[in-house]
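These notes are about the structure you will find just below.
Because only heavy atoms are used, hydrogens play no part in the values below, and waters and symmetry mates are left out as well, while side chains stay in. Since the structure is predicted, the reported quantities are computational estimates derived from the model, not experimental observations.
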Amino acid sequence: MTAPMGAVLCGGLSRRMGTDKATMDFDGIAMARRVADALIAAGCRPVVAVGGDSVALTGLGLEFVADRFPGEGPLGGILTAAELGSPVLVVACDLPRLRADTIRSLVEALGDHDAAIAHTGKPEPLCGVWSSRGAALLRTQFDAGERAVHRALEHCDVAWVAADPGQLRNVNSPADLHEAADGWADGADGPGDRG
């Protein structure tokens with residue numbers, strides 16, 4: 001399979017955090033940069049930031065792509081990323097503990113499926129890889145008025161990939177950031193593989 005593109009979704013409003021999550025520091029590195037580094041370590045090329053603060057994100061060394069559907073939630077961000085190429089690995093910016101091994105597992109699972117999506121006992125639709133067919137199915141749902149990724153997924157053939165819940169822990173609030181950083185100090189070693 002062709003090496004997937006990578007996209008970091010950075011367009012959220014960060015209401016619970018109170019500041020832009022994408023550029024928030026996590027162990028010395030902005031969260032969006034940390035997620036992008038995990039995508040790069042897994043072999044994704046190119047890796048872009050979709051939506052958010054273009055000046056701040058390019059300042060982090062990320063290629064910026066404007067969200068074609070601003071204000072329409074992460075489904076619009078996924079569709080924006082999918083228009084750049086296929087397959088595309090799309091990850092939310094607030095998963096700073098994500099590692100390359102999980103990303104590679106998603107890519108390996110895609111096969112002839114519409115998408116391969118991580119799960120931790122519950123679906124994690126903002127950590128997945130999409131084929132062109134899967135993206136087209138999402139677009140049909142989007143054009144019909146759907147905005148919830150989990151409901152749009154019901155129309156796709158999905159390969160579900162079990163993932164370490166620690167890697168897919170969303171950082172949505174200052175308390176989440178503190179808890180994730182505590183766990184990080186207990187043995188994680190960055191976006192690459194465990195060595």
Side-chain angles (χ1 to χ4, degrees), residues 3-17 19-107 110 115-118 123-131 134-135 138 149 161 163-164 166-172 176-177 180 184 188 190-192:
M5 293 186 54
V8 184
L9 299 184
C10 299
L13 298 177
S14 303
R15 287 187 197 101
R16 284 178 280 175
M17 186 63 78
T19 189
D20 185 5
K21 288 191 289 187
T23 58
M24 181 165 274
D25 179 271
F26 183 87
D27 195 33
I29 301 173
M31 285 204 289
R33 179 75 251 180
R34 189 173 284 284
V35 172
D37 288 346
L39 290 166
I40 291 167
C44 297
R45 300 287 188 282
V47 174
V48 302
V50 174
D53 183 336
S54 62
V55 174
L57 291 165
T58 55
L60 295 175
L62 298 173
E63 180 181 343
F64 175 79
V65 174
D67 189 342
R68 289 195 58 241
F69 309 98
E72 298 292 344
L75 185 54
I78 292 171
L79 292 173
T80 298
E83 289 180 358
L84 302 174
S86 172
V88 61
L89 201 308
V90 183
V91 181
C93 70
D94 62 358
L95 301 174
R97 295 182 68 178
L98 183 66
R99 302 178 57 81
D101 54 345
T102 295
I103 296 164
R104 279 195 292 271
S105 294
L106 291 166
V107 173
L110 180 61
I117 306 294
E124 299 290 349
L126 298 187
C127 184
V129 61
W130 297 89
S131 69
L138 288 187
V149 180
V161 178
D164 173 4
Q167 288 190 43
L168 296 184
R169 183 180 203 158
N170 295 83
V171 176
N172 291 316
D176 291 344
L177 183 65
W184 187 260

Review point. What distance separates Met24 CE from Cys93 SG, expressed to the nearest 0.5 Å?
Key: 10.5 Å
Check your understanding: Any side-chain heavy-atom pair from Asp27 and Arg34 closer than 4.5 angstrom?
Key -> yes
Practice item. Tell me, please, which residues at least two apart from Phe69 pass ring-ring contact (aromatic ring centres under 6.0 Å, His included). Key: Phe142
Exercise for review: Not counting sequence neighbours, which residues clear side chain to side chain donor-acceptor pair (under 3.5 Å) with Thr80? List them please.
Suggested key: Asp67
Practice item. Report the C-alpha separation of Leu89 and Val129 in whole Å, then their side-chain angles, then the decisive distance to 0.1 Å, and conclude whether the side-chain contact (heavy atoms from CB on, under 4.5 Å) test is met. Key: CA-CA 4 Å; Leu89 201 308; Val129 61; 3.4 Å; yes
Check your understanding: Among all residues two or more places apart in sequence or in another chain, which pass the side chain to side chain donor-acceptor pair (under 3.5 Å) test with Asp53?
Key -> none
Practice item. Using side chain to side chain contact (heavy atoms under 4.5 Å, CB included) as the criterion, list what pairs up with Ala42, not counting sequence neighbours. Key: Ala100, Ile103, Arg104
Practice item. Enumerate the residue pairs fulfilling salt bridge (charged side-chain N to carboxylate O under 4.0 Å, His left out) with a member in residues 83-93, sequence neighbours excluded, ordered by first and then second residue. Key: Arg68-Glu83, Glu83-Arg139
Point to revise | Nearest heavy-atom neighbours spanning Thr102 and Ala163 | key: CG2-CB, 4.1 Å
Practice item. For residues Cys44 and Pro4, determine if any side-chain heavy atom of one lies less than 4.5 Å from a side-chain heavy atom of the other. Key: yes
**Study point:** Passing option when Leu126 is tested against Leu75, Leu9, Val90 for side chain to side chain contact (heavy atoms under 4.5 Å, CB included)
**Key:** Leu9
Practice item. Can you run down the ring-ring contact (aromatic ring centres under 6.0 Å, His included) pairs that involve residues 42-61, sequence neighbours left out, and say none if there aren't any? Key: none
Check your understanding: If you look at every heavy atom in Arg97 and Gln167, which pair is closest and at what distance?
Key -> O-CG, 3.5 Å
**Study point:** Closest non-hydrogen atom pair, Trp130 against Ala135
**Key:** CE3-N, 4.5 Å
Practice item. In sequence, state the C-alpha distance, the side-chain angles, and the governing distance for Arg45 and Ile40, and then conclude on side-chain contact (heavy atoms from CB on, under 4.5 Å). Key: CA-CA 7 Å; Arg45 300 287 188 282; Ile40 291 167; 3.5 Å; yes
Check your understanding: With sequence neighbours left out, which residue pairs that include part of residues 57-66 fulfil the salt bridge (charged side-chain N to carboxylate O under 4.0 Å, His left out) condition?
Key -> none
Study note, to complete from the structure: So ring-ring contact (aromatic ring centres under 6.0 Å, His included) across residues 75-98, not counting sequence neighbours, yields none
Review point. Roughly how far, to the nearest 0.5 Å, is the CG atom of Asp94 from the SG atom of Cys10?
Key: 9.5 Å
Practice item. Measure the CG-CZ distance between Leu62 and Arg33 for me, rounded to the nearest 0.5 Å. Key: 4.5 Å
**Study point:** Residue pair Asn170, Leu95: steps toward the side-chain contact (heavy atoms from CB on, under 4.5 Å) verdict
**Key:** CA-CA 5 Å; Asn170 295 83; Leu95 301 174; 3.8 Å; yes
Practice item. Please report the shortest heavy-atom distance between Val88 and Ala7, naming the atom on each side. Key: CG2-CB, 4.3 Å
Practice item. Compare all side-chain heavy atoms of Cys127 with those of Leu106 and state whether any distance is below 4.5 angstrom. Key: yes
Point to revise | For Pro123, side chain to side chain contact (heavy atoms under 4.5 Å, CB included) partners two or more places apart | key: Pro125, Trp160
Exercise for review: Would you name the heavy atoms of Ser105 and Val161 that are closest together and state the gap between them?
Suggested key: CB-CG1, 4.0 Å
Practice item. Taking the side chain as every heavy atom from C-beta outward, state whether Leu168 and Leu98 have any pair of such atoms under 4.5 Å apart. Key: yes
Check your understanding: Do any N or O atoms from the side chain of Glu124 and from the backbone of Ala118 form a donor-acceptor pair under 3.5 angstrom?
Key -> no
Would you mind writing out the side-chain donor-acceptor pairs for residues 54-61 within the sub-3.5 Å range, not counting sequence neighbours?
residue : atom : partner : partner atom : Å
Thr58   : OG1  : Ser54   : O            : 2.8
Thr58   : OG1  : Val55   : O            : 3.1

Practice item. Test side-chain contact (heavy atoms from CB on, under 4.5 Å) on Leu79 and Glu72 and set out the steps. Key: CA-CA 11 Å; Leu79 292 173; Glu72 298 292 344; over 6 Å; no
Review point. Are Val149 and Ile78 side-chain neighbours, meaning at least one heavy-atom pair lies under 4.5 Å?
Key: yes
